[in-house]
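Working notes for the structure below.
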Amino acid sequence: MSVRTRVAPSPTGDPHVGTAYMALFNYAFARRHGGRFVLRIEDTDRARSSAASEEAIFEALHWLGLDWDEGPDVGGPSGPYRQSERREAYTQHVEALLESGKAFYCFCSRERLDAVRREQQEAGQTPRYDGHCLSVDPDEARARVAAGEEHVIRLAVPGEGTCQVEDGLRGTIEIPWQQVDMQVLVKADGFPTYHLAVVVDDHLMAISHVLRGEEWINSMPKHRLLYDGFGWDMPQHYHLPLLRNPDRSKLSKRKNPTGIDYYRRRGYLPEALLNYLALMGWSMPDEREVFSLAEMIENFDIDRVSVRGPVFDPEKLDWLSGQHLRALEPQDFAARFNEWASADRLASLIPLVRERTERFSDLAGHVDFLMGDRAPLDTDSFASTKRPPEECRRILDHVLRAVEPVESWQRDALHEAISSLATAMSLKLRDLMPTLFIAIAGRSRALPLFDSMAWLGRDLTRDRLRTAIAALGGISKKEAKRLERAWRDLW
RNA sequence: GUCCCCUUCGUCUAGAGGCCUAGGACACUGGGUUUUCAUCCCAGUAACAGGGGUUCGACUCCCCUAGGGGACGCCA
């Protein structure tokens with residue numbers, strides 16, 4: 001059997017380092033075994049998926065050099081590779097499940113579902129569908145569906161016993177069926193959920209080995225039921241550990257920069273990021289730590305993956321980046337630098353600096369905090385704002401919250417979000433700005449701030465606000481509560 | 001709360017019963033090279049969560065406890 005692996009990101013938001021991590025291991029595994037690596041887009045969530053995000057995923061993976069043999073943009077024998085374009089496959093297969101009684105129509109209202117869930121939670125049980133619509137006669141159900149009644153399709157789950165599943169890294173895992181929910185397979189909008197789509201697609205695309213995040217372990221029984229229901233063999237599954245924040249919770253953008261683009265913009269070499277990610281849970285047989293993607297592939301052995309959730313450590317990434325950078329020949333170094341400080345990026349800065357420039361030598365001084373890192377900050381850095389650290393922290397905390405929901409990270413949207421924040425705080429925008437200038441640019445006079453924030457991008461901006469707050473003494477648990485309340489009272 | 005997974009230096013890890021006085025890397029500390037800084041080199045601090053077994057022998061196997069994480073959505 002030939003080896004085929006896949007990475008299956010969902011195109012919502014900015015491409016995540018977790019996606020790069022999964023892509024890397026699936027890529028290395030496929031290459032090591034002379035197999036094929038597939039990119040599949042899981043865009044079954046109509047509300048959140050976007051074409052822009054999909055494009056950003058392609059771009060990010062290309063930058064990393066993790067090229068796929070089959071995918072939505074390059075095609076392949078198992079296409080289409082976008083789940084939204086594979087709907088007949090799902091409806092056709094779920095029909096078989098319906099006929100054999102392994103899936104059933106459900107007409108329950110969300111209100112009823114919420115009520116049931118609440119009761120179960122109060123009774124200390126695992127929230128789970130109570131099987132209400134299981135008792136609806138199949139013919140009656142069909143009639144109701146035909147009459148246009150809103151419905152979903154659910155997976156029928158055994159009431160007793162335990163399910164055994166195999167994880168390549170952990171061995172046999174047993175989960176009581178009682179714990180497994182009668183998962184929705186097809187939503188009211190006719191789109192499949194992840195669980196249906198992933199099983200159908202992995203089979204139809206002949207995926208032989210699934211390397212995915214640990215968060216999916218508890219879904220294996222549902223998938224097992226589907227594979228059995230279809231009469232298919234289950235691919236070998238390996239659940240890789242989740243990348244962690246320093247507090248060991250799952251790596252999240254609230255606590256860490258998680259965008260691939262963040263690392264790209266800060267000038268990390270893609271090979272360094274890949275090298276670092278490879279070290280998260282995997283090691284070379286000879287314990288070498290600095291290596292290339294080719295060397296990783298050459299030595300890749302899934303059994304050398306450890307299952308402990310590794311904390312993402314930016315300092316070690318920095319060191320690795322230095323190792324790769326210094327290994328470059330001067331002309332390559334220059335070429336790579338050129339690539340990073342691309343003509344397009346530079347050109348996008350010109351409108352901001354032109355009015356302020358008389359000689360080219362003025363330029364570096366203007367864009368230093370954009371192309372480069374912002375100067376390191378401490379409490380004194382904010383002296384010019386004439387605000388005590390506590391107030392600066394409050395402003396920055398609230399700015400962080402205010403820009404969080406901004407979808408299109410553009411100047412006008414940022415301007416609007418922060419203006420309304422100022423109004424809500426009973427401040428003039430210009431009273432709020434000095435603090436923000438220090439946090440973002442590191443000085444009180446700099447290029448237009450909203451343009452700068454837009455240019456920096458979401459992660460970099462968020463990171464600067466966060467590090468500025470830390471420089472101001474940080475936020476204690478008590479203060480966090482106070483800020484949370486103050487924020488809520490604002491609106 | 002229920003279920004599942006995990007537990008070696010601060011962090012990433014090596015370790016598949018005796019090779020372990022537990023090795024390496026980052027970070028940190030000290031020293032050296034260097035006009036500065038950085039690089040580089042050398043040295044140092046620092047860990048098997050706890051308790052029971054199994055065994056002649058446990059970091060390695062089993063059980064319990066504790067801690068951490070994850071899942072419990074018509075999100076993936």
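Every chain is numbered from 1, with letters handed out A, B, ... down the list of sequences. Scope of the values below: all heavy atoms of this structure, side chains included, with no hydrogens, waters or symmetry mates.
- Annotation: ring-ring contact (aromatic ring centres under 6.0 Å, His included) contacts involving residues 119-141 of chain A, sequence neighbours excluded, are absent.
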For nucleotides 25-31 of chain B, list the nitrogen or oxygen atoms of the protein found under 3.5 Å from its nitrogen or oxygen atoms, one pair per line.
unit_1	atom_1	unit_2	atom_2	d
B/A25	O4'	A/E289	OE1	2.8
B/A25	O2'	A/E289	OE1	2.6
B/A25	O2'	A/K316	NZ	3.4
B/A25	N3	A/K316	NZ	3.1
B/C26	OP1	A/W319	NE1	3.4

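- Residues passing the salt bridge (Lys or Arg N to Asp or Glu O under 4.0 Å) test with A/R32: none are found, sequence neighbours excluded.
- Within a heavy-atom distance below 4.0 Å of RNA chain B, the residues of residues 243-251 of chain A found are A/R244, A/R248, A/S249, A/K250.
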If you look only at distance, which donor and acceptor atoms sit under 3.5 Å apart when one is on a side chain in residues 318-326 of chain A and the other is two or more places apart or in another chain?
unit_1	atom_1	unit_2	atom_2	d
A/D318	OD1	A/Y268	OH	2.5
A/H324	NE2	A/N275	OD1	2.7

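- Annotation: side chain to side chain contact (heavy atoms under 4.5 Å, CB included) contacts of A/E140 (sequence neighbours excluded): A/V136, A/D137, A/R144.
- Across B/G44 and B/A49, the matching C1' atoms stand 26 Å from one another, rounded to whole Å.
- By the side chain to side chain contact (heavy atoms under 4.5 Å, CB included) test, A/P405 is found to be paired with no residue, residues two or more places apart in sequence or in another chain being considered.
- Regarding contacts with the backbone of B/A76, a side-chain N or O of A/T44 is found under 4.0 angstrom from either OP1 or OP2.
- Annotation: proximity of residues 196-209 of chain A to RNA chain B (heavy atom, distance under 4.0 Å) is found for no residue.
- Residues satisfying the ring pair (Phe, Tyr, Trp, His ring centres under 6.0 Å) test with A/F191, not counting sequence neighbours, are none.
- Of the residues in residues 257-265 of chain A, not one comes within less than 4.0 Å of RNA chain B through any heavy atom.
- By the side chain to side chain contact (heavy atoms under 4.5 Å, CB included) test, A/S78 is found to be paired with A/R4, A/E70, A/Y81, A/M205, residues two or more places apart in sequence or in another chain being considered.
- Between A/W232 and A/H203, the two ring planes are parallel [angle under 30°; tilted spans 30° to 60°].
- Evaluation of the side-chain hydrogen bond (donor to acceptor under 3.5 Å, both in side chains) test over residues 306-317 of chain A, restricted to residues two or more places apart or in two chains, returns A/E289-A/K316.
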